[in-house]
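Notes follow once the structure below has been shown.
Per chain, numbering begins at 1; letters A, B, ... match sequence-line order.
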Amino acid sequence: MQSGLLSSLIILPLIASMVILLLPESYKGSYRWISLIVQVLLLIDLGTLIGAFEPNHSGYQFLEHFEWIRLTLGKTSILSIDYIVGIDGLSLSMVALSVIIFFIANISSFSINKKEKAYYSLFLLLTATVIGCFIAVDFFLFFIFFEFMLLPMYFLIGIWGGPNKAYASLKFIIYTLVGSVMILVVMIALAMSNVDEFFTSEYKRTVFSFDFRILSDQANLLKGSLLNIETPIKIFGVNARDFMFILLFIGFGIKLPMVPFHTWLPDAHVEAPTPISVVLAGVLLKIGGYGLIRIAYDFFPDVAIHYGLLISIIGLISILYGGFNALAQKDLKKLIAYSSISHMGFVLLGFGAFNIEGFNGAIFQMFSHGLLSSMLFLIAGVLYDRTKNREIDNFKGLAKIMPIFTVLVTVAFFGSLGLPSLSGFIGEFFTLFGSFQANTVPKVIPILGVLGIVLSAIYLLWTFQKMFFGEFWTKDEFQNNLTDLNQKEILMLGILGILTLLFGIFPNILFDVINPTVIQLFG
Amino acid sequence: MKELQEILSSSQHILPEWILLLGILLIVIIVSFQKKDSKWPYRFSFLLVLIYTFSATYFYENLPAGGLKLYGGLLLVDQTSLFFKQLVAISTIVFLIHSRLFDYKFDGEIYFLMLCILLGLSFLSMTTHFLVIYVALELVSISSYVLVATKNEKMNFEAAIKYLIFGATSSAIMLYGISLFYGMGHTLNFAEPAFIQAIAANTPLIIQIISFLFLAGLLFKIAAAPFHSWVPDVYEVTSTPINSFLSFAPKAVGVLVVARVVQSNFADLNAVLLLIIFLSLIIGNLAALWQTNLKRMLGYSGIAQAGFILIGVLKSPQTDFYGAFFYILTYLPITMGAFLLADLLKNLSGSDEMEDFKGLGQQNIFLGLNAVIIMMALVGLPPTVGFMAKLMVFSSIVNLGEAMHSSVYYGLLIFGLLNAAISIYYYLKVPYFMLIKKSYNQPKYNNDFFLTLVLTYFSISLVIFFLYPDFGTEWVRKVLF
């Protein structure tokens, strides 16, 4: 059954992006509404998807499959590249997250008044590519979306960013491109090793495939090829499969980001405008985690099991390093950026555990971090919009004059530091739980990981106390600008706050969806 | 008598070259009898190239599988040579259109020289004979030296002298290599079994060194390191349409000859080629990082691209050079589009310096988009055909690595891709200045709608070619050795 529902998630924003590009400058006021309408349509799409999704069914649903390219490689072989989209529990959770976050970010974009035409067409392009990344079931298609995401992001940071935007956007694009190049190596190697039996007999030439379903089945590996399991080929003394897994791990790790490949993130966040920060932290980082599960773990399960300890250690370093760095920050946005690194460390910890609890926890942590970090960046944006300043020391006792703001900040901060009944707790709990369960990981790692929660409690509560409690004080020039939230901001923060609470109290909503996928991964 | 018969019968088979040769003689006459700024040399050469293209495409109907041997093995007409002749002819047409669009007032001699290069490349593309290679290469080289020097400016002379000295040196090295080969092989045709047998008596190292000497002249034309140092200087001062042609045509045919040498399999050239590829990639990319002048930057980028193309020529048991040939096919619209963009930007900003492009893309968003697409194609990012080309080349390395059981090739894979990643830094400078930087002084901006449209044609073709590459890949599949 080809319903076209999933394709519409990509095509709608693409068309809208073109429409905005071609509309004359005199329709300037309508760009934001066109974009918002598209985001609302995507939400409706998402609702239909969730309604029709069968959670107990493992494997991809809503598949759409079109033949696209039959690339002739010399005389004897063909690269078969298809347009295949589909979702399973994992992709559904990520698609849901991205549609929600893009909707929120679109509302937040209303405060952008510079070159709106270019802004909204790039923003919609970004929407299409990010969602495309999550629903692609063909490695080639995935990679195209993954690479193409860089350009809108580069321009969105580079044109609408802060004072140091040129440096930040270039650093972002080079780091990510180096990562994606590593993924490209693996993509080529995988495709050249996996054969589509059906089409091979049909075309009478070897047909190499990029289809996720073929790549994940090791029965399709060509004998004697680079990635075959029986007779391992060595690259620089390392088994080819190990080599490729490490490349993938670094490639997606840069995106995640994991220490030591994280330095692009604070720069990009500090310079990016608020809605782009929201998208970057809320959705783009998750592509790293998604790619690790979908590609690294799914295609190299035999290798991944040996790297549990290494990944756990890197996760732990990310947690602690990010936490300690956050402690030292004076700029609110930088603090949130480092806390992102720390929280994404838990995702790695969950992957490193290599068991069902750990994976469920990691996916939940990605989802919850998507909601919470978006909230945090919106909060930083609220202050920045009013005062053009984000220094923590410049604000004291905000609770007195911004009560609604304070309530929502409480939800976000306590959610981030892992208060039970908010979504942050569930993710951190399950990743640590999984890590304790794992035989390959010494117990000291999750124990030290708990320290990460303590650290986040310290820096978040400290900041909270400094900024919101005590007598109201700011610099004189900000005094009159500091008003409480307007309806738009209440709407954005409110939606996210309610979702955080919802997933914190009823985590099963999400676990029911992702569990079959995770079980299948270990099956 | 028999030889005469063969010469006569062979001569029937090179009709396109006869047409070109007669046309070139006619153009000399036209140039000498017309006034200085007459349009006739242009019109006539356009017509001539069109006729040449059609005759090269449709004249050969039933070519035998191994190709047609003419003049006792001096020339070899096969599908591959026809493919390259067509590409070179198309690039000449693009050159002519380009120079017309931007109102270059070329003297008639320029067209004469261009057609001489075309004739040289045409012969170069259909031979496995050392002597013909040398003569054809000299015809191309000498015409190019004069072409660079024709603009009467001091900088041009400097570049032309540099070009001449480097070119003459590498030709001399090549000739030295050829003479050693002749001494060892007693025949000048490297595809003949007799040559391969005779040469097999020597140690492989010696053959590799001599092959490197022989390749010098070709590498000079391909603009690969270590014979690259003329590129940036010549590119900077030469007229952009000529640049555009020089950046594609000699490179393409040079790669074909290298491929023929590799194909004839008298020596294992992979070690030599790997060295050249590594050098070209690193020198081209690192030097391009620091450039501020767009044309110089494109020059260095051409060196790096030569490295990428040569990856496709590496020999493995089942090599068929599809990577290199497809790369060359896509390189035509990419590089010539890039030079068209360079010329348009120069028209708008009055200079080749990238800093002066500030704000150009903001006033005309479509121009900015075109710049983004063309530069993305040069980096090799999707959704442009540059990505497909890189994918083909790099998938051929994986095949190589599997066949040869050597880690060097995987090292090359990663090294090459990292180079592609680094290259985004300098390619993005163009859209960066056009779209992101604000211009403080209002540039003299005339919205040249028509030229932007032509450029859009290039960039759309780059995207469409990405979405439907089958036409290109099938074409290349038919012309493989």
### Task
Could you walk me through whether A:Ile69 and B:Met388 pass the side chain to side chain contact (heavy atoms under 4.5 Å, CB included) test, one step at a time?
CA-CA 11 Å; A:Ile69 301 172; B:Met388 284 294 179; 3.3 Å; yes
### Query
Does the side chain to side chain contact (heavy atoms under 4.5 Å, CB included) test come out yes or no for A:Ile173 and B:Tyr425, once each step is laid out?
CA-CA 9 Å; A:Ile173 201 166; B:Tyr425 173 78; over 6 Å; no
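- Both the backbone and the side chain of B:Phe466 have a heavy atom closer than 4.5 Å to some heavy atom of chain A.
- Between B:Leu369 and A:Leu21 there is a side-chain heavy-atom pair separated by less than 4.5 Å.
- Taking a 6.0 Å sphere around NZ of A:Lys223, one finds it holds 12 or fewer heavy atoms contributed by other residues, nucleotides or ligands.
- Between B:Ser396 atom OG and A:Met192 atom CE the span is 8.0 Å, to the nearest 0.5 Å.
- Under the 4.5 Å side-chain criterion, counting only non-hydrogen atoms from C-beta, B:Leu381 is in contact with A:Leu177.
- The shortest non-hydrogen separation linking A:Ala166 to B:Tyr432 is CB-OH, 3.2 Å.
- The number of heavy atoms from other shown groups lying within 6.0 Å of CD (B:Glu355) does not exceed 12.
- With a threshold of 4.5 angstrom between heavy atoms, B:Val476 does not approach chain A through any atom at all.
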### Task
Take B:Phe387 and A:Phe143, measure what ring pair (Phe, Tyr, Trp, His ring centres under 6.0 Å) needs, and give me the verdict at the end.
CA-CA 11 Å; B:Phe387 178 69; A:Phe143 188 77; 5.7 Å; yes
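- Proximity to chain B (any heavy atom under 4.5 Å) is restricted, for A:Phe140, to the side chain, taken from C-beta onward.
- Annotation: B:Lys315, atom NZ; neighbour count of heavy atoms from other residues, nucleotides and ligands within 6.0 Å is above 12.
- Note: A:Ile174 CD1 to B:Ile422 CD1 = 8.5 Å, rounded to the nearest 0.5 Å.
- Across all their heavy atoms, A:Gly158 and B:Ile436 have their closest contact at O-CG2, 3.2 Å.
- For A:Leu170, the part sitting under 4.5 Å from any heavy atom of chain B is the side chain, from C-beta outward, and nothing else.
- Around the NZ atom of A:Lys115, the shell of radius 6.0 Å holds more than 12 heavy atoms that belong to other residues, nucleotides or ligands.
- Only the side chain of B:Phe366 comes within contact range of chain A, with at least one heavy atom under 4.5 Å from a heavy atom of that chain.
- Rounding to the nearest 0.5 Å places CG of B:Leu413 at 8.0 Å from CG of A:Leu184.
- Atom OG of A:Ser225 and atom CG of B:Asn399 lie 10.5 Å apart (nearest 0.5 Å).
- In terms of non-hydrogen atom pairs under 4.5 Å with chain A, the most contact-rich of B:His405, B:Met392, B:Met376, B:Glu402 is B:Glu402.
- By number of non-hydrogen pairs under 4.5 angstrom with chain B, the leading residue of A:Ile233, A:Leu247, A:Leu151 is A:Leu151.
- Interface remark: A:Leu22 contributes side-chain atoms only to the contact with chain B (heavy atom separation under 4.5 Å).
- Between A:Val181 and B:Ala421 the shortest heavy-atom distance is CG2-CB, 3.7 Å.
- Looking at heavy atoms from C-beta onward, A:Met187 lies in side-chain contact with B:Leu391 at the 4.5 angstrom threshold.
- At a 4.5 Å heavy-atom cutoff, A:Ser169 makes no contact with chain B through either its backbone or its side chain.
- Across A:Tyr154, A:Phe243, A:Phe155, the residue that shares the most heavy-atom pairs under 4.5 angstrom with chain B is A:Tyr154.
- For the set B:Ile397, B:Leu417, B:Ile365, the count of heavy-atom pairs under 4.5 angstrom toward chain A peaks at B:Leu417.
- Per-residue heavy-atom pair counts under 4.5 Å with chain A were compared for B:Leu418, B:Val379, B:Leu467, and the maximum is reached by B:Leu467.
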